[in-house]
Amino acid sequence: MMKYADRINHYFIKNNLKAIDVKQSSHGFVYIVTNDEHPMYRYSELNRGLLLQHDLGNNEWRDIWLGEREKQLALF
């Protein structure tokens, strides 16, 4: 299985999620299939794992900010 960003690994551990499969697309996205109810997550190689997106179905992606950006958003 392909390795993914450490910040994302910490998010999965914190939320008790297990990665089942990891694939990289030709467009620079890394797709991670998990044991979640909605199992698909993705992130762009360009943002170095600062923004994780969760597929909620019907092509609706929820943004999950990680690292410094997560701390900045908590201040608002």
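When reading the values below, keep in mind they use all heavy atoms of this one structure, side chains included, and skip hydrogens, waters and symmetry mates. Worth saying up front: this structure is predicted, and the values here are computed from it rather than measured.
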Query raised in the report: Looking only at heavy atoms, what is the nearest atom pair of Leu66 and Leu52, with distance?
Result: CD1-CB, 4.0 Å
Query raised in the report: Same hydrophobic cluster for Val33 and Leu56, using side-chain heavy-atom links shorter than 4.5 Å among ILVMFWY?
Result: no
Report task. Report the residues that fulfil side chain to side chain donor-acceptor pair (under 3.5 Å) with Asn58, sequence neighbours left out, ordered by chain and then residue number. Result -> none
Report summary line: Here the pair of heavy atoms bringing Val30 nearest to Glu45 is CG2-OE2, 3.1 Å
Report task. Specify the closest pair of heavy atoms between Arg7 and Leu50, including all atoms of both residues, with the distance to one decimal. Result -> NH1-CD2, 3.2 Å
Query raised in the report: Can you tell me if Thr34 uses its side chain to pair, donor with acceptor, with the backbone of Pro39 under 3.5 Å?
Result: yes
Report summary line: Interatomic distance, CZ@Arg42 vs CG@Leu51, rounded to 0.5 Å, equals 9.0 Å
**Report entry** Donor-acceptor under 3.5 Å (His54 side chain, His38 main chain)
**Finding:** yes
Requested in this report: Mark yes when over 12 heavy atoms from residues, nucleotides or ligands other than Asp63 sit less than 6.0 Å from its CG; otherwise mark no.
Outcome: yes
Report summary line: Nearest heavy-atom contact between Tyr43 and Ile8 is CD2-CD1, 3.0 Å
Report task. For the pair Asn59 and Trp61, evaluate side chain to side chain contact (heavy atoms under 4.5 Å, CB included) and give the outcome as yes or no after the intermediate values. Result -> CA-CA 6 Å; Asn59 202 27; Trp61 293 88; 3.4 Å; yes
Report task. Output all residues satisfying ring pair (Phe, Tyr, Trp, His ring centres under 6.0 Å) with Phe12, sequence neighbours left out; order by chain, then residue number. Result -> Tyr4, Tyr41
Report summary line: Minimal heavy-atom distance between Tyr31 and Ser25, with the atoms involved, is CE1-CB, 3.9 Å
Report summary line: Distance col, row Ile32:CD1 vs Asp55:CG, nearest 0.5 angstrom, shows 13.0 Å
Requested in this report: Find the distance between CD1 (Ile64) and CG (Asn15) and round it off to the nearest 0.5 Å.
Outcome: 7.5 Å
